[in-house]
Structures are given as C-alpha cells and as structure tokens.
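Residue numbers start from 1 in every chain, and the chains themselves are labelled A, B, ... in the order their sequence lines are given, proteins ahead of strands. The analysis underlying the following values was restricted to heavy atoms, covering all of them including side chains, and did not include hydrogens, waters or symmetry mates.
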2 protein chains.
Amino acid sequence: MEHHVTRAAEAAAPTSSPMLRQTNLSLVLRHLRDHVSRSRADIAEATGLHRATVSNLVAELLERRLVRETGIEHVGAIGRPRRSVALHGAHVGALGLEINVDYISVHGSDLSGRVLVERRVGFDTMASGPDRSLRRLSRVAREAVEAMKRAGAVPAGLGVAVPGLVDVARGVVTFAPNLDWHDLPLAARLSTALGLSVPVMVDNDANLAALAEHTAGVAAGTPHLVYLTGEVGVGGGIIIDGKLLRGADGFSGEVGHLPVDPGGARCGCGRHGCWETKVGLAALVRMAMPEQPYQPVTDPEERATEIARGLAAGDRRMLAAVAEVGRWLGLGGSIVANLFNPRVIVVGGYFATLAEWLLPHAQAELERLVVAGPAAQCRFTASNFGFGAASRGAASMVINRLIDHPTTIMDPIPRLAAY
Amino acid sequence: MEHHVTRAAEAAAPTSSPMLRQTNLSLVLRHLRDHVSRSRADIAEATGLHRATVSNLVAELLERRLVRETGIEHVGAIGRPRRSVALHGAHVGALGLEINVDYISVHGSDLSGRVLVERRVGFDTMASGPDRSLRRLSRVAREAVEAMKRAGAVPAGLGVAVPGLVDVARGVVTFAPNLDWHDLPLAARLSTALGLSVPVMVDNDANLAALAEHTAGVAAGTPHLVYLTGEVGVGGGIIIDGKLLRGADGFSGEVGHLPVDPGGARCGCGRHGCWETKVGLAALVRMAMPEQPYQPVTDPEERATEIARGLAAGDRRMLAAVAEVGRWLGLGGSIVANLFNPRVIVVGGYFATLAEWLLPHAQAELERLVVAGPAAQCRFTASNFGFGAASRGAASMVINRLIDHPTTIMDPIPRLAAY
DNA sequence: CCTCATTAATTGATCGCCGAGACAAACGAA
DNA sequence: TTCGTTTGTCTCGGCGATCAATTAATGAGG
C-alpha cells in the first residue's frame, strides 16, 4: 500500500509549457469557483486570456468532467447567446474530518460545493487514547466515503483538522495537548487504515476553520482574515493574501497564550495572564455562573446556549461577565489587528453563539486600541458555520488542492468511451 | 513629465509565453543573487530547468548585461571546466533613501550589491515641514544619482523609507506622526522634483529594514523573519515566505502600541501600557539614568552608546534597567513569535547597540513564553546594519523589482553596437 | 603522446501552448 | 430577409522549453 502523504505546497512556479497549462487550467477553475457560472467570453475577459485559449482550456476541463455546461442563457440581449459553464465534478468528492476533544465531525462535498455528508458524533478522544481514537476516526471516515460513493462521488482526497501543532509537510501531529497526542503520524496511519490511494492532509483546526470562512463563509473572498476559535482554549487561523499562514515551523496563530496581563491569573499552561484565562469559555463560566464551575466534559456548545438563554432573559451578572470578556476579546483582537491588519476577524465556537452580546464590546475595544485608527477597517464577525467550520475547511483544503493541480490529481483522463 | 509611481505588486500570474519567459529569467537571476556565482549546469540542476534552457536564458541575460561570465573554474576536477556566471549589472543601480525624525540616509548600490553611495545627513524633519523636507530629500537624492552616474551606474529605480503608515500602491504617506506628515503623495512629488523616468516606491521603514535583513543581513535567506526597530518608538517589519507582509490596508506590523500591560503607564498615544512604554529608548533612559531625562532632539544612537559605556563599566542601575527592558522585549517578542512563528527576530536601532546586555534576558523570556516550546526555534539576533538598515532595504526593494521584472525594466535591450 | 572517459555548453529538431484572425453559429433589430 | 452583434471554434504562426546529438575542454591511463 502506497502512502499518499501530501508534501509541502512548494508554490510550483510554472517553468515549463505543461506547467503553464496547469496554471491556466487552475486559473479558469478558480474563476468558476468564485463566480458560480460564467460564459467562456466572460472568463476570457476576466482572466486576460484569449477567447480561443479559454475555449481550449474549458474543453479539456469538460473532458475531465471538472466542469459542465449549464445551458444557454437567453437574456434577450443582442448577439449569439452565451453558453455558461460551471464547476461540475459531481463525480469527485472532498472529505473533511475534524477530531476534537469531545467530538468527531465530518463534512463531505463534491467539487461544486454540494454537501453530501454532514455528521457530528460525540467522542471522548483524550480518554480513548491515540489508537482507539484512530480506529474510531477511520470508521467514521470509511462510512463517509461509502456514503459519498453511494451519492456518486469518489473522494479525491482527505483533510483532517486537529486541535494542536501539526507538521503539515509530513502529516504528523507534533503535539495536541487537549487530545494528549504526541508525534502521531496521523496522515500515514489514516492512509494505511483506510486503504485509499488518495492524499491525506492534516492541519490545525483553527487554520482550517479560517480556510472555510475564506472559501465559503462570512468572509468569503476576503484575502486577509483571522479566525478565532472560541472554546475552552482559543486558537487562531490566519489567512494572508488568500493563503494560510503557517510560519517557519507551522506554529503560527497561537493566540491562546498571548500574555495580555502579566500580573493576571495562572493559566493551565503554567504562565500568568494568558488570553485564554480572560476569554476562554471556562473564564466566562466562572464569571457568569460561579455557582456552577466549568466541567471539562461538558459540551461547550451546550454551555454556550445555556448562557445565551440567561443573557436573553437579562441576567445582570451574566451581562456584566460577557461585557468583561468582550473587552478582553477586543484587546486580544487589537493585537492581532495591529500585527496582521486583516479586514475581518471571524469568531467561531462559543464566541459566535454569544456574538450578539460579545461583539459590540469587543468591537469598541478593538477600535480604541488599533493604531491605524479608522484607516484600518477591521471588524469582528461571527461565523455561521458553528462548531463545524474546521471539518468544512478540511474539505476546502482538498478542493483547493484539486483546483491547484487539476492534471496531477485527475490523471488519467476518464475515458468517454465508458459512457 | 510622466510619473512612474509603482502600483501594487499584482503577483503577475504567468499566463502567456512571454510571461513564462520572464518568470524563468527571474528564476535564474534570483538564483544568482542567492548563490553569488554558479555555472550554467549548476543553475540547471538547482532550478530544475533543462541545461539548454538555462544556456538560452543566460545568453539573454548576458546580452542585457544583467549577468557576466566570471571566468573558467580550474578546480582540477575531471571533465570540461565550468564557466561561471554572476550578477553583473554594474551599469544599473538602485537608490534607497530613508527620511526619519532627525536624519536622511542614502544607500546606492549596483545590481551585484556593490555599494556606490552611502551617506547619512542630519536633518530635523518635523521642524522643517513637508515642503522643505521634500526639497532637502530631493537634493540628497539628486546628488546621489549624480554620484552613481559618475561611478557608471544609472539608477533603475528609487526606494524611499518613511517612519509611518504608507499606502504602498499609490506611493502616499498616509500618516507619519513623528514627521507630522499627513496624506503626502511622496512618490509623485519626488518623481516630479527629480525629473527621473524611473519608478519611485515608498514603504514603511521597518518593512524595508526587514527586507534588508532578509536580502543581505544577519537573516539572509531566512523566509520567515520579523524586524524590530529600536528607537524612541518601536516598529515592526514582517517577512513571510520571503515576502513582505502588508496586510489589507498596508498597516501590518504595528507592534509599538501592543497593549502588554493594561494597568501600565500612559503612552504618548493616549492608551495605557503600550509596548513602547516598556521597551522604547525613552523608557530605558528613564530607568537607567533618571537624573538625565530623555530629550526628544537627542540622537538615539548617541544615547545608546552612552548607555553602552555605562553597562561596560558595570553600572548596576543600568544593568538592572536593561534586564527589565530585556524581559519586556522578550514578552513582546513572544507575542510576535506565537503569531508569526518566524525563525529569527532581528532587532535594530538601540536594541542592536545594547544587544550584548539586552538579548540574553529577552531570549530567556521569549523561550519561557513561546507556546510551541523548543519545537519553534526562534531567536533574537542583532542587526549589524545599525541605523542604515531602512535605506539599504529601500535599495533592495528596487533590486527586487528589477529581478522580478527583468524585461519590463531593462527594455529596450542595450545595443552592443554602442560600445 | 595519444586515446578515452567525463563533464560543460551549444546547436538543431521537436513538441506544447498561447495568441491572432478568419470563420461559423445564433441571436435581435430593422 | 438582411444586417449587425456577440459567442464560440478552427487553423496557423510564434515562442519557449525539452530532447538528442554534437562540440569543447579537461584529467586519467597506457
């Protein structure tokens, strides 16, 4: 069994004619992803390629069944009516998994974004240990693959989101404290367990959630954004110029333990005044409902909705607690905004659940602390993917790979004779 | 007079054959910049291009006089000896300027990095106002251009470093508090004043200092680095994947006013506990020599060397002050390291002057606070460009543009018949 | 001293891709 | 029905990279 562990992206600067071809195929695919359905002439104008070239490229994409003609547009305009094309690829799928502290989440879609599988199962990862967790994850993945095949789509890749430090190039989870995983070669083991001959890619959950928001979420198309996970811990995913920021060792976006209050309370990590101790779910629960201390096993989503009910009912102590957390959220957000200058900061997890009450305070504090002032337009926005953003982003990662390397992945060309 | 104000980088996705050609020319040039002198065969192997292709590309670069043959290497090895080529371009120059609070700095070099002009003149920018400052800047630039021409190099572009927020795409200084400049169209006005038909590029001083370190400094070749200016204020320049991070509005890297101590002293910006109030030169002077309060007009370099003398002599109060500043430097550095995960943090300005005493404390604090621990290898390093890093980076920016667009800039091909 | 093996660089042939312009197709307007 | 307009296809030429063969320049060995 050959392992298809994806190596580093290695920018693939087009040096030869075939590479140029691939770049242009990608260019057309990307345009179709971002604009749903356009005619060849539209694509030509938008990309700067010649009409003949676009026709040629689209023809190849049609043959590869990555694109389909959606019909003839009778808009009543003068001239020959345009024949629109759109992403097709109903036969190719992308599977995204997320394994987290207390659940495993799956998201499967085809190339055009149609959702084929969506599922979330409870699972106590830490208590199960790496081996049992891997078996469970494999089973969930296998079931999802079967379901996708039944829907007519064969997965072209598998993405996995993990809450921890990931060596993306080798597909190894270096350290995931909340899962108690150390140096686990997740990509290789999952690839073996599934027996699939498709690439397996692993990345940090916040990174992938950011990717999901960038691809299809509230910040779709925004080239500069930061995503913040809001659970017991707080993680960050950063997108710069439309690409994920990974840093020298793949450890970028570690916002949870930013020292925001050196004289503050002791954090679980041993340091003092970490941002998590101010804006983590445990901190909010401690302030908002001190009589009910936070239990690690509790589902964060459940706890968040409980607090939301209290807030809606006008509980003064809860409102004060949320205002306090909101201010700290804004302070941390200002750090991020001053360093990265993103257009939006998308907040997920419990931040999204309580956005209505949290974000006004956070936004005000952010604007007070951003150096560039109103010139740097940065706003907090709540994700509406809820707790499923990471698995969605894992699927997006697969689709991106497909779009960036349409030939390498879809070779050999499906023979039309078979139909 | 046509204004050559450089627009946004616009990634130049190579879509056509000429673009492919340009990409490969750049590829060869970049390799020669990074490896001084290699044979065609070496270049072919390193770039993955075919030997014949490299020969062809090198031939064109020779004709354009961007490259020269350095001679035949008789290394005693078997086989035909290699004929090395290296960057030449002695006839093309790059001019970098920096205008700061109390000086104007110039750095002129040719394509191969040979320094042709290096100069620093005192100038009180704030007191002079924008118009007189521009006239002074133009005169310095004009003199430098003349000096370069005498040395046989015609500037192919002009880069300007400014301590403030810069709209890079339009070449406008949005806001430079320390110069009291607002919305000044620096590129256009300088272009007019000089009457040169070459591009004028403007960027933030910390950005360009970072670029200088990345191109030729202590962090040469490191694709992920952060530069910190150490003066009265503290600025940051960030390089990700070998490229400058500019953010959505060009306001990234604003580290000076990171809120590191919400309960701390009031900063000049009106907020409390900004990083500058902990590690700015004024803060150090206040702690190290309280009987001699910091004067804004004093040359920072002079003050720094004064303190260095005291430290070398073992002044206990100064040592304690530097230790305190070093710890805060490490704390702020950990924020940067946790978010960007750079390989090195290069410190300039007075941080570099006092590196010997500052950095050990900073490094220890950094390592204590970085989440990824030893897995994320990030170390503080002192710049050895001193206070001239930004102008050097401005020149690098011009050279980078030349290397990235060898045809567009050097057209038409210099006729050999003219010699 | 001459030949051979070895590595470097060039030359000519070939293939692949994009771009230009002619051409066919499919409409609305008059 | 004819004309103008827009869309898409087709063919050809140009350009650029690869490939194979050739020339160039050396050291090793008999």
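Considering only side-chain N and O atoms, A:Arg21 lies under 4.0 angstrom from the phosphate OP1 or OP2 of C:dC18. Phosphate contact (OP1/OP2 of C:dC17, side-chain N/O of A:Asn24, threshold under 4.0 Å): absent.
Less than 4.0 Å separates DNA chain D from no heavy atom of any residue of residues 31-40 of chain B. DNA chain D is contacted by A:Arg51, A:Ala52, A:Ser55 of residues 46-59 of chain A, taking any non-hydrogen atom closer than 4.0 Å.
Atoms CG (B:Leu25) and P (D:dC15) sit 15 Å apart, rounded to a whole Å.
In this structure, of D:dT18, C:dA8, C:dC17, it is C:dA8 that holds the atom nearest to the side chain of B:Ala41.
The 5' end of DNA chain C is approached more closely, in terms of each residue's nearest nucleotide, by B:Arg83 than by the other of B:Arg83 and A:Ile72.
Taking 3.5 Å as the limit, the base of C:dA8 and the side chain of B:Arg80 contain a donor-acceptor pair of atoms between them.
Counting heavy atoms from C-beta on, the side chains of A:Val145 and A:Leu194 never come closer than 4.5 Å. Side-chain contact between A:Val398 and A:Leu95: absent, with no pair of heavy atoms (C-beta onward) separated by less than 4.5 Å. With a 4.5 Å cut-off on side-chain heavy atoms, A:Arg33 and A:Asn400 count as touching. Within the 4.5 Å cutoff, the side chain of B:Val168 has no heavy atoms near those of the B:Met201 side chain. Annotation: side chain of B:Val202 is not in contact with side chain of B:Arg170 (no heavy-atom distance under 4.5 Å).
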Distance-only donor-acceptor pairs under 3.5 Å for side chains of residues 215-224 of chain B, two or more places apart:
{"residue": "B:Thr215", "atom": "OG1", "partner": "B:Leu211", "partner atom": "O", "Å": "2.7"}
{"residue": "B:Thr222", "atom": "OG1", "partner": "B:Ala219", "partner atom": "O", "Å": "3.1"}
{"residue": "B:His224", "atom": "NE2", "partner": "B:Asp241", "partner atom": "OD1", "Å": "3.4"}

